[in-house]
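Okay, structure first, notes after.
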Amino acid sequence: MQMSQLVLKTLREAPSEAKARSHQYLLRAGYIRRLSSGIYSYLPLGLRVLAKVSNIVREELDSCGSQEILLPALHPVEIWERSGRIKKMADVLMKVEAKSGDFVLGPTHEEAVIEAVYQDLSSYSDLPATVYQIQTKFRDEPRSRYGLMRTREFIMADAYSFDSDQEGMRSSYSKVYDAYNKIFAKMEIPFEPVEADSGAIGGDVNHEFMSPAEIGEDYYAKCSSCGYRANIEAATRGSKDADAQGVGSELPELLYHYTPEAPGVEKAVEAISDLGVPTKAHEMLKCLVAIDGDQRLVMLLVPGDREARVPSGMRLLEDPEFERYPYLHKGFIGPMNAKENSIYVVADLSVKERSHFATGGNKAGYHVTGAVLGRDFQVDEYRSLVVVRDGDPCPRCGSALTLIRSVEIGHTFQLGLYYSSILENARFTGPDGQQYPYYMGCYGIGVTRLIAVIAEHFLDDRGLIWPVSVSPYQVVVVPLGAARSKEIEEVAETIYSGLLKDNVEALIDDRKLSPGVSLADCDLIGVPYQVVVGSKSLKEGQVEIKVRRDGTTTKMPIEEVPTRIRELLGRSL
RNA sequence: CGGGAAGUAGCGCAGUUUGGCAGCGCGCAGCGUUCGGGACGCUGAGGCCGCGGGUUCAAAUCCCGCCUUCCCGACCA
């Protein structure tokens with residue numbers, strides 16, 4: 001491609017809306033252009049990167065045995081009503097009202113894919129099968145940001161597996177899981193699969209693929225020694241060895257304090273301390289009340305300085321519901337009366353590490369100090385109930401956990417029977433002639449988000465630096481001063497057309513700009529290899545090959561360029 | 001949805017305090033000089049000053065309402 005023909009104009013300054021460096025460069029180098037918040041156009045260079053990334057995904061999914069399809073982006077609202085997700089995903093759904101009815105712009109495609117394939121997967125002999133598509137998704141994100149990182153319209157590669165039993169589902173899952181690992185490895189970005197929470201999609205086992213990055217909006221916990229890795233929403237905390245319950249030192253008396261203006265840990269700490277009993281947040285016990293799957297009342301006990309992580313299957317009691325339980329005084333709840341009111345008490349593992357606590361007094365306006373575990377209150381069950389922090393013990397081996405800031409680039413789920421039990425078409429006929437539900441899996445890769453992640457990972461103060469596998473072009477030929485020198489122009493042309501003949505994806509900067517501008521633009525655009533043709537080297541019959549990533553420049557005779565480029569691109573030919 | 005900031009040429013910004021010709025840099029077009037790391041001179045094109053209302057002889061500037069964008073938070077397969 002001749003750069004003079006390319007629809008491209010680089011910008012010297014980034015539009016002020018862009019904050020992330022990758023976003024600034026993608027705008028400045030003419031890859032994308034914003035239409036509205038979180039809505040982007042892909043210009044020629046950007047589209048080529050998109051195609052490269054998509055093709056890597058396509059190749060790996062094809063070779064793990066899944067088949068490409070294309071589902072509609074526009075869904076009749078009925079399929080969302082049938083699955084009940086019209087309510088569950090109401091916050092992100094983009095709705096369309098038309099003369100002919102109400103529609104939803106698909107944010108994900110579980111409903112649509114079942115409608116598309118159930119007739120073809122109607123017998124056990126049709127299973128297993130995995131299909132995928134690479135398609136635009138729509139989500140009304142409350143806050144799109146960082147360019148392609150988080151947008152309202154984005155491209156995702158989403159796959160769906162259908163199996164007749166759980167074992168089959170696990171096998172299909174691991175095929176896609178392996179393919180995902182290969183896909184991200186080809187893009188050369190750092191990533192780790194981590195255990196994850198299943199959120200609104202539902203289901204059981206699932207992993208998120210996380211790429212560590214400064215601009216990440218997610219965290220995952222990683223164990224330094226045993227390989228445990230889990231998203232912060234799913235990570236659990238182990239316990240420390242210390243078992244304070246048996247410690248024989250004198251235990252304090254249970255004392256009530258009148259603290260009327262002090263609901264909540266922060267205010268309570270202050271109020272109790274002011275009354276002469278110095279107390280710190282971690283010495284308090286936060287008592288939350290939840291309802292579990294069986295509609296039982298559960299009290300969750302968490303150290304006062306920790307954020308609670310409500311286990312899946314439970315939900316916290318909402319404010320109006322407190323009226324039903326007169327013995328619960330919101331802001332002043334304590335565990336001392338749990339037993340008499342048949343509340344099941346679950347405490348975080350770390351609660352074992354202290355013998356006594358300050359906590360709510362179970363009377364409006366009162367807190368207590370000296371509530372002794374085992375004497376003043378009992379715990380029915382211990383489990384991890386806190387959002388993990390740096391340095392917490394690993395739930396598997398007890399070593400320290402580290403939190404890593406990262407971006408979610410993929411997510412794989414074993415859905416099991418989640419959708420098949422809701423959607424009546426999601427079933428097949430077994431060998432015995434009976435109807436059975438599919439065991440499903442679903443899998444997503446944020447294709448356009450990956451462009452942002454790769455760009456963010458590979459850049460320097462001059463611009464982008466694409467890995468060869470996703471770069472819009474592999475090589476750019478840069479004649480310096482071609483306007484004045486016929487020879488430079490011809491040599492550059494020869495090299496360029498030679499590269500094209502070798503099926504190298506080459507670009508030539510034939511724009512006849514001053515050398516500084518041309519070189520700066522090529523650095524900004526980030527094509528991995530530059531062949532610089534200039535008067536200095538040409539005097540000696542040589543040209544230079546510059547490796548964008550490390551800036552190294554090598555002079556060589558013109559004839560050697562094709563061989564050298566082939567080597568750099570790792571091709572045999 | 002809560003808190004904050006900002007909307008002036010394609011991009012970056014000044015001008016708004018104190019109402020009085022709509023400006024600067026980059027980019028764009030033409031001519032010339034320059035030419036191995038974002039050169040220079042001259043000439044030129046390009047504006048609904050976010051939108052709507054109001055005050056005023058006069059509004060980018062003051063007042064009211066709205067919209068959009070960005071940042072922080074809440075939210076998030």
Side-chain angles (χ1 to χ4, degrees), chain A residues 8-20 23-24 27-30 33-39 85 88-93 106-111 137-147 149-152 154 156-160 196-203 206-209 215 217-218 231-234 407-413 415 418-419 441-446 449 461-463 478-485 488 509 511-525 530 532-539 542-544 546 551 553 555:
Chain A
L8 165 74
K9 188 88 73 182
T10 59
L11 295 174
R12 198 178 299 204
E13 285 167 300
S16 58
E17 81 234 15
K19 296 293 179 293
H23 187 198
Q24 294 181 341
L27 289 167
R28 281 185 52 201
R33 188 143 299 144
R34 194 185 70 92
L35 177 61
S36 177
S37 178
I39 305 180
R85 289 210 295 178
K88 228 172 182 173
M89 296 189 77
D91 286 350
V92 298
L93 283 183
T108 171
H109 282 71
E110 283 77 11
E111 289 84 353
K137 306 281 192 242
F138 301 86
R139 291 187 193 172
D140 202 0
E141 289 287 347
R143 199 173 157 200
S144 44
R145 56 191 133 176
Y146 299 142
M149 194 65 76
R150 196 157 132 105
T151 53
R152 298 192 291 171
F154 60 99
M156 175 187 266
D158 46 326
Y160 304 88
D197 187 68
S198 60
I201 285 241
N206 72 98
H207 293 90
E208 272 174 338
F209 288 77
I215 59 170
E217 301 179 89
D218 268 324
N231 186 290
I232 185 115
E233 289 157 23
V407 179
E408 179 186 356
I409 52 177
H411 204 152
T412 54
F413 296 84
L415 294 171
Y418 187 84
Y419 287 93
C442 80
Y443 318 87
I445 288 182
R449 173 179 283 184
D461 53 11
R462 294 171 184 278
V478 195
L480 299 180
R484 281 158 293 115
S485 161
I488 288 173
D509 191 356
R511 298 175 299 172
K512 310 206 162 136
L513 299 169
S514 72
V517 176
S518 189
L519 289 165
D521 266 1
C522 290
D523 286 346
L524 175 64
I525 289 166
Q530 299 173 3
V532 180
V533 183
S535 53
K536 274 188 198 166
S537 307
L538 206 54
K539 264 183 259 169
Q542 295 196 316
V543 296
E544 293 150 35
K546 179 175 151 188
T553 298
K555 280 191 195 183

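Every chain is numbered from 1 and lettered A, B, ... according to where its sequence line falls, protein lines coming before strand lines.
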Complementary nucleotide of [N], counting Watson-Crick and G-U pairs under 3.5 Å:
N	result
B:C35	none
B:U17	none
B:G44	B:C28
B:G65	B:C51
B:A59	none
B:C75	none
B:C70	B:G4

[X] and [Y]: side chain donor to acceptor below 3.5 Å:
X	Y	answer
A:Arg449	A:Tyr146	no
A:Thr151	A:Ser144	no
A:Ser537	A:Glu544	yes

Taking atom types as they are modelled, is there a donor-acceptor pair under 3.5 Å from the base of [N] to the side chain of [X]?
X	N	answer
A:Arg150	B:C76	yes
A:Arg28	B:G38	yes
A:Arg143	B:G73	yes

Original post:
Given side chains that start at C-beta, do those of A:Leu480 and A:Val532 come closer than 4.5 Å, heavy atoms only?
Top reply: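 The answer is yes, as the side chains (C-beta and beyond) meet within the 4.5 Å cut-off.
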
Original post:
Mind checking whether A:Gln530 and A:Cys522 have side chains closer than 4.5 Å, heavy atoms only?
Top reply: yes

In terms of side-chain heavy atoms of [X], which of [options] is nearest?
X	options	result
A:Ser537	B:G36, B:G37, B:C11	B:G36
A:Pro142	B:C35, B:C75, B:G36	B:C75
A:Ser535	B:G36, B:C11, B:A39	B:G36
A:Arg484	B:C71, B:G37, B:C35	B:C35
A:Leu480	B:C71, B:G36, B:U69	B:G36
A:Glu544	B:A39, B:U69, B:G36	B:G36
A:Asp91	B:C71, B:C35, B:C75	B:C75

Original post:
So, is A:Ser16 close to the B:C70 phosphate, meaning a side-chain N or O under 4.0 Å from OP1 or OP2?
Top reply: no

**OP:** Tell me whether the OP1 or OP2 atom of B:C70 has a side-chain N or O from A:Ser37 closer than 4.0 Å.
**Re:** yes

Interatomic distance at [atom1], [N] relative to [M], whole Å:
N	M	atom1	value
B:G54	B:C42	P	46 Å
B:C13	B:C49	C1'	13 Å
B:G19	B:G4	C1'	28 Å
B:U16	B:C63	C1'	14 Å
B:A60	B:U18	C1'	15 Å
B:C21	B:C70	C1'	33 Å
B:C67	B:G52	C1'	10 Å

Without decimals, in angstroms, what is the distance between [X] [atom1] and [N] [atom2]?
X	N	atom1	atom2	result
A:Asp509	B:G38	CG	P	15 Å
A:Asp521	B:C26	CG	P	16 Å
A:Glu13	B:A9	CD	C1'	15 Å
A:Leu27	B:C70	CG	P	11 Å
A:Glu17	B:G7	CD	P	14 Å
A:Tyr146	B:U69	OH	P	17 Å
A:Gln24	B:U69	CD	C1'	16 Å
A:Lys512	B:C35	NZ	P	17 Å

Using a cut-off of 4.0 Å on non-hydrogen atoms, how would the nucleic acid contact of [X] be classed: base, sugar-phosphate, or nothing?
X	result
A:Asp523	base
A:Ala14	sugar-phosphate
A:Gly534	base
A:Phe154	base
A:Glu208	nothing
A:Arg462	base

**OP:** Give, for atom CZ of A:Arg152 and atom CZ of A:Arg143, the distance between the pair rounded to the nearest 0.5 Å.
**Re:** 14.0 Å

Original post:
To the nearest 0.5 Å, how far apart are CZ in A:Phe154 and CE in A:Met149?
Top reply: 13.5 Å

Subject >> A:Asn206/A:His411 under side chain to side chain contact (heavy atoms under 4.5 Å, CB included): CA gap, chis, key distance, verdict >> reply: CA-CA 7 Å; A:Asn206 72 98; A:His411 204 152; 2.6 Å; yes

Original post:
Starting at the 5' end of RNA chain B, which residue's closest nucleotide do you reach first, A:Lys546 or A:Ser36?
Top reply: A:Lys546

Subject >> 5' precedence on RNA chain B between A:Leu11 and A:Val533 (nearest-nucleotide basis) >> reply: A:Leu11

**OP:** Run the numbers on A:Asn231 and A:Glu408 for side-chain hydrogen bond (donor to acceptor under 3.5 Å, both in side chains), then give the verdict.
**Re:** CA-CA 10 Å; A:Asn231 186 290; A:Glu408 179 186 356; 5.9 Å; no

